[in-house]
2 protein chains.
Amino acid sequence: MNLIFKALADPTRREILRLLGRSEMTAGELAQHFDMTKPSMSHHFSVLKDADLIRSRREGQQIWYSLNTTVLQDVFTWAWDLIADARRKEVQTP
Amino acid sequence: MNLIFKALADPTRREILRLLGRSEMTAGELAQHFDMTKPSMSHHFSVLKDADLIRSRREGQQIWYSLNTTVLQDVFTWAWDLIADARRKEVQTP
DNA sequence: CCTCTATTTAGACGCCTGTCTAATTGTCTC
DNA sequence: GAGACAATTAGACAGGCGTCTAAATAGAGG
């Protein structure tokens, strides 16, 4: 869980996830959307991969990245549980 | 949104949120749950407050902290939208 | 095998962050 | 007002993080 939230803490990486939510993309296509060198982008990819937020597969010279929604659901659930806890407490003492 | 995710990137702060989900607590009570000095805890409180993830009110010498679920819902929604995007794409190309 | 393209790895650098100790602020009680 | 208690602010410091340039790897195609 820590790797996931660490990965989400950077705005560039969150934007990468948003783009990948729309469609699978190659490293190069993704890089075009940002004012940053390719090595920097590659670093962000690796952080997201380590957190298992994205998956990659090579196709010829290019590498295709895609979103792994399973891990995103963990984030979703984490936030939900916290809110649910707080709500439960409110109901007990109205 | 950036302050929120930055705040969530630290495990100590996520644990603080979990505790506050169960019940409102004073700074001192919270600090007891962690192996850390009170100034360090105070720093974490301030990061969470800046992100508006928690609210505080003074009562005598003590300061009570509570969860602000509104902002947590933003996180919830953010994750949801991303997952929804990915799902929509899957359905279009089955 | 050489070269071109796509991408990553290595290493360096400055800034941001989490932690600490010491000092300060705010509040209650005598 | 003095002392005690709760909590924060100030300042210092090590380690982590995001970015860059330069070099390396991987594959495609002559």
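Predicted model only: the values in this text are computed from it and were never measured. Proteins come first, then strands; the chains are lettered A, B, ... in the order of their sequence lines, and each starts at number 1.
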Take the protein atom [atom1] of [X] and the nucleotide atom [atom2] of [N], then report the distance between them rounded to whole Å.
X: His44(B); N: dT19(C); atom1: NE2; atom2: C1'; value: 8 Å
X: Met25(A); N: dA6(C); atom1: CE; atom2: P; value: 15 Å
X: Asn2(A); N: dG16(D); atom1: CG; atom2: P; value: 13 Å
X: Arg57(B); N: dT27(C); atom1: CZ; atom2: C1'; value: 16 Å
X: Leu30(A); N: dT8(C); atom1: CG; atom2: C1'; value: 15 Å
X: Lys49(A); N: dT7(C); atom1: NZ; atom2: P; value: 14 Å
X: Asp50(A); N: dT8(C); atom1: CG; atom2: C1'; value: 13 Å

Atom of Met1(B), atom of Asp74(B) and distance for their closest heavy-atom approach: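 Answer, listing the atom of Met1(B) first, then Asp74(B): CE-O, 3.6 Å.
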Would you say that more than 12 heavy atoms from the other residues, nucleotides or ligands in this model lie under 6.0 Å from the CH2 of Trp80(B), or not?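 At most 12 heavy atoms, drawn from other residues, nucleotides or ligands, come within 6.0 Å of this atom.
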N/O donor-acceptor pair under 3.5 Å between [X] side chain and [Y] backbone:
X: His33(B); Y: Glu29(B); value: yes
X: Arg14(B); Y: Leu8(B); value: yes
X: Ser42(B); Y: Lys38(B); value: no

Are any of the side-chain heavy atoms of Leu3(A) and Asp52(A) separated by less than 4.5 Å?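 They are not in side-chain contact.
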Any chance you could list the contact pattern along nucleotides 1-12 of chain D? Use B for base contacts, S for sugar-phosphate-only contacts and - for none, protein heavy atoms under 4.0 Å, 5' to 3'. ----BSSBB---
Here's a test of your reading of the structure: between Lys6(A) and Asp35(A), which maps to the more 5' nucleotide of DNA chain D?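 Per heavy-atom nearest nucleotide, the more 5' residue is Lys6(A).
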